[in-house]
Amino acid sequence: MPRISKATEYNWKKLNSDTEAKLTKRANKTRSERRVTATAYLNDPAALRLLDAAVRACAPVEQVMYALVVSCLTAAGIIGKEHVRRFLAGYEKWAGASVDVPAGVWNTSEDVLGFIYQSLTAEGRRNLTGLYYTSRKIVEHMLDGKQLAEGETFLDPCCGSGAFLTGVRTADPSGLYGFDTDPVAVMLATANLLVKYSSVEFTPNVFCTDFLAPPAVGGKCIPRRFDNIYTNPPWGSDRDGMYAGRYPQIKSKEKASMVVAEALRRIGSDGTLCFLLPTSLLKIKTHADLRRLLLSQTDVRQIDLFTGRFDGVFTDYFSIRMKPGAGGTAGYVVRREGKCSRVKLSDGDRRSGHIVTEPLSGQDREIVNRVEACRHGDLTNSLWALGIVTGDNKNKVKTEPGEGLEPVYAGRQVVPFGFTDSRSYISFAPDEFQQCAREEYFRAPEKLVYRFIARYPVVAYDDGRRLCLNSANILIPSIEGLSVKSVAALLNSSLYRYLYVLRFHDIKVLKSNLASLPFPRLTPEADASLSRLTDDIRTSAFTSVMQRRLDAAVYSLFGIPAAGRRHIGLRLAEAGLRNCF
């Protein structure tokens with residue numbers, strides 16, 4: 001990538017500035033004025049130079065995007081065509097901005113318009129509206145070379161700038177339909193289609209309408225059902241309850257789930273559906289409504305697990321392809337990082353709404369069955385609390401001790417059974433924090449603190465009434481016959497690490513995941529033995545020797561034989577988790 005000028009560097013910094021620093025924090029994104037350059041969507045030197053010019057235009061986003069649409073259509077040589085002039089006439093209210101477009105910007109098939117629009121839109125608005133467009137790489141992966149037959153229809157009900165519409169192959173673009181609630185996005189998607197099909201004189205079927213609030217487009221000739229529905233729906237809650245009455249089966253109020261439910265109403269009997277969704281919908285108990293809907297009303301054909309990120313979004317995602325059909329799912333293909341495997345669902349999986357993404361080997365199944373046979377309880381009825389969200393760490397979290405301050409621990413300082421030294425200090429003033437659990441949770445005589453960002457449980461035992469920030473969460477276990485120290489020992493063992501990564505593929509340790517893990521019935525003697533082992537580790541160090549001692553004790557509780565222990569070690573090593581102490 002060529003070097004950029006000082007002026008360009010200044011403007012990029014200006015683009016990514018935020019007038020209130022605290023608004024850039026995770027809990028405040030909906031109010032953030034910060035802008036994130038969408039380099040994960042498109043990282044092209046020419047597009048970056050255009051972004052610099054767009055920032056320097058100092059005009060409203062709508063006006064800038066209209067000017068760029070005109071420039072793009074001009075470069076495509078179609079600006080003078082009658083159907084193009086009719087399209088632009090509908091957006092002349094946004095005329096007025098002047099953007100110095102660098103040469104060569106439009107000499108690409110990439111979605112430059114979508115890149116600029118995302119990069120110019122404030123993070124808060126993007127978070128509220130779901131303005132995170134799907135990259136070409138992911139779109140191509142999901143479409144998998146799809147070619148529409150004559151007369152076949154294709155709908156993207158949340159089309160953004162039209163990535164799916166321009167990505168699918170067809171000889172007749174009149175069969176492509178796109179909906180979006182954002183009029184700027186509708187303008188961009190229409191322009192992108194006009195450019196792609198520049199030799200065809202047609203009016204793209206892209207409409208500014210809400211897919212979740214039919215009728216879709218009043219007075220327009222829109223099919224009631226479609227042969228294909230592919231989309232990346234907005235992720236987030238229906239905060240105002242706008243759609244709850246239409247989708248009572250979606251108890252979670254997740255808008256992405258509602259889009260899936262509406263798509264099932266609008267898909268043809270032999271149609272194909274494909275969605276890009278946050279991985280949390282596969283795992284969290286709250287979203288069991290969607291999983292049960294999919295397993296009861298569709299035949300799931302393929303799931304792809306992705307490891308990338310959207311710009312400014314700290315969430316894993318997956319795609320799911322399916323056909324309509326009541327209770328047809330018996331198994332499907334799962335693809336992850338180039339590996340492909342076949343997963344079979346049990347009757348219990350279908351009833352419970354459990355969408356399996358990791359095929360279990362015979363050895364895995366034997367170990368899991370052995371552990372489940374010992375299940376006595378779980379952490380469902382335990383006490384849980386989030387760490388402190390100050391809303392302003394820069395001013396409220398200090399780097400030096402002082403009067404009225406006490407140590408506060410972040411997730412990175414949580415290690416198995418304990419904490420590294422804190423280098424942060426805080427005055428505990430709950431009324432001044434944006435979010436704070438009840439003080440009794442922090443001051444509990446004994447509790448567990450676990451990292452929020454981690455691939456498996458990393459759990460500290462705390463009897464020092466410590467404070468923690470929101471990257472470290474609190475658990476006060478309540479399982480009959482198990483002390484807090486014994487729960488810490490089990491969660492930090494290789495067996496529980498294995499059980500966790502076998503079932504959950506996330507970089508977040510979620511309450512719902514931990515609550516689903518099985519815990520055995522312990523005799524008073526076994527509980528006391530595990531508690532003593534926890535004390536031994538806390539007073540020395542959690543070395544590889546201690547890890548082996550802990551693992552041996554936990555394996556014995558479940559009767560895991562030598563072959564099973566070796567298998568667990570291999571599975572953890574394959575996942576890069578062999579030396580996790």
Side-chain angles (χ1 to χ4, degrees), residues 20-29 314 379 381-479 483-492 507-515 531 534-535 537-542 581:
E20 293 186 63
K22 70 177 183 178
L23 295 184
T24 66
K25 307 308 176 186
R26 179 162 59 108
N28 294 283
K29 280 190 174 180
F314 202 56
L379 294 166
N381 296 319
S382 300
L383 296 177
W384 307 80
L386 300 176
I388 297 166
V389 179
T390 68
D392 186 9
N393 280 359
K394 182 177 180 181
N395 292 308
K396 293 181 180 177
V397 179
K398 310 299 182 182
T399 58
E400 299 290 339
E403 185 177 353
L405 301 179
E406 57 184 302
V408 64
Y409 296 83
R412 64 182 178 275
Q413 293 158 330
V414 176
V415 296
F417 298 100
F419 303 84
T420 60
D421 290 340
S422 175
R423 298 181 180 178
S424 299
Y425 304 86
I426 199 169
S427 172
F428 187 68
D431 291 342
E432 296 179 9
F433 299 147
Q434 182 180 357
Q435 181 176 299
C436 185
R438 298 207 304 261
E439 184 173 7
E440 63 194 74
Y441 290 154
F442 294 104
R443 307 305 189 188
E446 56 177 354
K447 66 177 184 287
L448 302 181
V449 178
Y450 62 94
R451 287 185 194 173
F452 176 59
I453 304 298
R455 293 180 61 191
Y456 54 85
V458 179
V459 180
Y461 173 83
D462 177 37
D463 59 359
R465 296 174 168 80
R466 292 175 174 85
L467 301 177
C468 56
L469 296 172
N470 63 320
S471 56
N473 295 332
I474 295 170
L475 163 61
I476 304 176
S478 177
I479 304 176
S483 65
V484 176
K485 291 178 181 177
S486 289
V487 174
L490 290 164
L491 289 175
N492 283 316
I507 57 170
K508 301 173 185 175
V509 175
L510 303 175
K511 169 186 170 181
S512 57
N513 294 352
L514 291 177
S531 293
T534 294
D535 286 335
I537 293 170
R538 293 177 64 230
T539 55
S540 55
F542 192 44
F581 52 87

* Would Val509 and Tyr456 count as a side chain to side chain contact (heavy atoms under 4.5 Å, CB included) if you check the C-alpha gap in whole Å, the side-chain angles of each, and the deciding distance to 0.1 Å? -> CA-CA 6 Å; Val509 175; Tyr456 54 85; 6.0 Å; no

* To do: Take Asn470 and Phe452 through the side chain to side chain contact (heavy atoms under 4.5 Å, CB included) test and state the conclusion after the steps.
  => CA-CA 8 Å; Asn470 63 320; Phe452 176 59; over 6 Å; no

* Report the C-alpha separation of Phe542 and Val415 in whole Å, then their side-chain angles, then the decisive distance to 0.1 Å, and conclude whether the side chain to side chain contact (heavy atoms under 4.5 Å, CB included) test is met. => CA-CA 9 Å; Phe542 192 44; Val415 296; over 6 Å; no

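Not a single donor-acceptor pair under 3.5 Å links the side chain of Arg451 to the backbone N or O of Val458. A side-chain donor-acceptor contact under 3.5 Å links Ser422 to the backbone of Val408. A donor-acceptor pair is defined here as one N or O able to donate and one able to accept, closer than 3.5 Å; such a pair exists between the side chain of Lys447 and the backbone of Phe442. The backbone N or O of Val459 lies less than 3.5 Å from a partner atom in the side chain of Asn492, making a donor-acceptor pair. The main-chain N or O of Leu475 is never found under 3.5 Å from a side-chain atom of Lys511 such that the two would form a donor-acceptor pair.
Counting heavy atoms from C-beta outward, Ile453 and Lys508 have side chains that approach closer than 4.5 Å. Side-chain contact between Tyr409 and Val449: absent, with no pair of heavy atoms (C-beta onward) separated by less than 4.5 Å. Leu379 places a side-chain heavy atom less than 4.5 Å from the side chain of Trp384. When side chains are defined from C-beta on, Thr390 counts as touching Leu469, because their heavy atoms get closer than 4.5 Å. Side chains of Tyr425 and Thr399 form no contact here, defined as non-hydrogen atoms less than 4.5 Å apart. The side-chain heavy atoms of Leu491 and Tyr450, taken from C-beta on, include no pair separated by under 4.5 Å. For the pair Phe417/Thr534, a side-chain contact is recorded, criterion being any heavy-atom separation below 4.5 Å from C-beta on. You'll find the side chain of Asp392 stays beyond 4.5 Å of the side chain of Phe433, heavy atoms only.
No more than 12 heavy atoms of other residues, nucleotides or ligands shown are found within 6.0 angstrom of CZ on Arg423.
The distance from atom OG of Ser427 to atom CG of Leu467, rounded to the nearest 0.5 Å, is 9.5 Å. A distance of 12.0 Å separates CD in Glu406 from CZ in Arg465, rounded to the nearest 0.5 Å. Separating the OG atom in Ser424 from the CD atom in Glu400 is a distance of 10.5 Å, to the nearest 0.5 Å. From Ile388, atom CD1 reaches atom OG of Ser471 across 11.0 Å, with rounding to the nearest 0.5 Å.
Of all non-hydrogen atoms in Ser382 and Pro477, the two that sit nearest each other are OG-CA, 3.4 Å. Across all their heavy atoms, Ala410 and Ala472 have their closest contact at C-CB, 4.1 Å. The two atoms that bring Ala437 and Ala385 nearest to each other are CB-CB, 3.6 Å, heavy atoms only.
Here the options are Arg443, Arg538, Lys485, the test is salt bridge (Lys or Arg N to Asp or Glu O under 4.0 Å), and the partner is Asp463; only Arg538 passes.
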